[in-house]
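One structure is given here, and the rest of the page talks about it.
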Number of protein chains: 2
Amino acid sequence: MARLFHVPLSPFCRKVRLSLAEKKIEVELVEERYWEGDADFLRRNPAAKVPVLKLDGRMMAESAAICEYLEETRPDPSLLPKTPEDRYEVRRLVGWFDDKFHHEVTAKLLYERINKKVTGQGYPDSRNVKDGARAIKYHLDYMTWLLDHRRWLAGDVMTLADFAAAAHLSSLDYISDVDWNRSSVVKDWYAKIKSRPAFRSILVDQVSGFRPPPHYADLDF
Amino acid sequence: MARLFHVPLSPFCRKVRLSLAEKKIEVELVEERYWEGDADFLRRNPAAKVPVLKLDGRMMAESAAICEYLEETRPDPSLLPKTPEDRYEVRRLVGWFDDKFHHEVTAKLLYERINKKVTGQGYPDSRNVKDGARAIKYHLDYMTWLLDHRRWLAGDVMTLADFAAAAHLSSLDYISDVDWNRSSVVKDWYAKIKSRPAFRSILVDQVSGFRPPPHYADLDF
């Protein structure tokens, strides 16, 4: 069976978990305290990051590379559209969320509030938290603009772009940092994706010392 | 003709320039002062980042998405190998350089020494510069380990992984931050890639106020 070394709230791990689940690839989840720099883990991935996926007899790292590999070896159901133009748009948006949103929002809210405490790096920097809380509004507005024109973020079918976005937002929702009242189209989009069977394992995640709000796992939030 | 909005020393722009040149796609280079948040530029790319490529009647952003699009629409010569396993390894290493190396080295040396001055953000933070100078050694050693086992970084053929790595190293070489004496296999690899016609435009780049060292453009450095 496939094995995924992960941490529950990592959006990069969640994107891979969603891809695996949507493609019905069974996986054993192993929590990895990657920040401790354990020698076994560094052998698995010299970059010392999660996710690391053991699949097809290989250890694989870098979530974007893993998702492309899953798409090439398990194309059904596909999470990338058919034409180069549509595939470009999916990858652009995956980059948007995994780079820009990650840097401006996830790192400023989730990493300040949770990762710092869990890894023993102290208290949240309030300026970062403030910056992140401001930036997420702009990103929700950008998603609203996209979803006013499209059924899913990158077009008319659900793709990896939706999983990348939902991975970040679900982790932030665990700490109540998403204002779902800001945009009804974003809320509707998230309700659709949250109700997929692939999302189930994410909704039962628990991080010791941090209890999610009641709406976190509620499909009718 | 294609048009690339770029800044000369951006490794992400350089990776795209190398891909375009290797595939013999003619391109007009337009320097973009992206940090000024010009309205025209934000229309081209709401992420406010370079590179932005105008090609096939579209404006495209995110270097990874652009490179995959070029590969899918102009597959000859190919910068990705044939099997999913080999393609995975290329994408893993592109991620290594564009995420880990970028964060640990490029941002700490190039952005401190050049971008801060050019964008009016003041002086380099000496702790960052020290951290970057320490980290690049570890990355050169990792490249040495890879190149002890392989002709090119991801295997026996030249790929996008080599271009991603060479894009970062060439920008750092412009400010004399690469110790080529540390590893003869890395130096030999760089000499090979530097002598390709695709590299020519990169070797004549000039940034006002910063003169590159004489060895920067020397193929026999």
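Chain A is the first sequence line, chain B the second, and so forth, proteins listed ahead of strands; every chain is numbered from 1.
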Inset, instruction - Sort Asp99(B) into side chain, backbone, both or neither according to what part of it lies under 4.5 angstrom from a heavy atom of chain A. - result: side chain
Inset, instruction - Output the residues of residues 8-24 of chain B for which the shortest heavy-atom distance to chain A is under 4.5 Å, in residue-number order; output 'none' if no such residue exists. - result: none
Legend entry - Member of Arg92(B), Arg87(B), Arg91(B) meeting the salt bridge (charged side-chain N to carboxylate O under 4.0 Å, His left out) criterion with Glu68(A): Arg91(B)
Legend entry - Part of Ala64(B) within contact of chain A (heavy atom distance under 4.5 Å): neither
Inset, instruction - Find the distance between CD (Glu89(A)) and CD (Glu62(B)) and round it off to the nearest 0.5 Å. - result: 10.5 Å
Inset, instruction - First locate atom CD of Glu72(B), then atom OG1 of Thr83(A), and finally report the distance between them rounded to the nearest 0.5 Å. - result: 9.0 Å
Legend entry - Glu26(A) CD: over 12 foreign heavy atoms closer than 6.0 Å: no
Legend entry - Region of Glu104(B) that comes under 4.5 Å of a non-hydrogen atom in chain A: neither
Inset, instruction - For Lys116(A), look at atom NZ and say whether over 12 heavy atoms of other residues, nucleotides or ligands are found less than 6.0 Å away. - result: yes
Legend entry - Side-chain (Tyr88(B)) to main-chain (Ala61(A)) donor-acceptor, under 3.5 angstrom: yes
Legend entry - Residue Tyr138(B) versus chain A: region with a heavy atom under 4.5 Å: side chain
Inset, instruction - Take atom NZ of Lys192(A) as the centre, draw a 6.0 Å sphere, and report whether it contains more than 12 heavy atoms from other residues, nucleotides or ligands. - result: yes
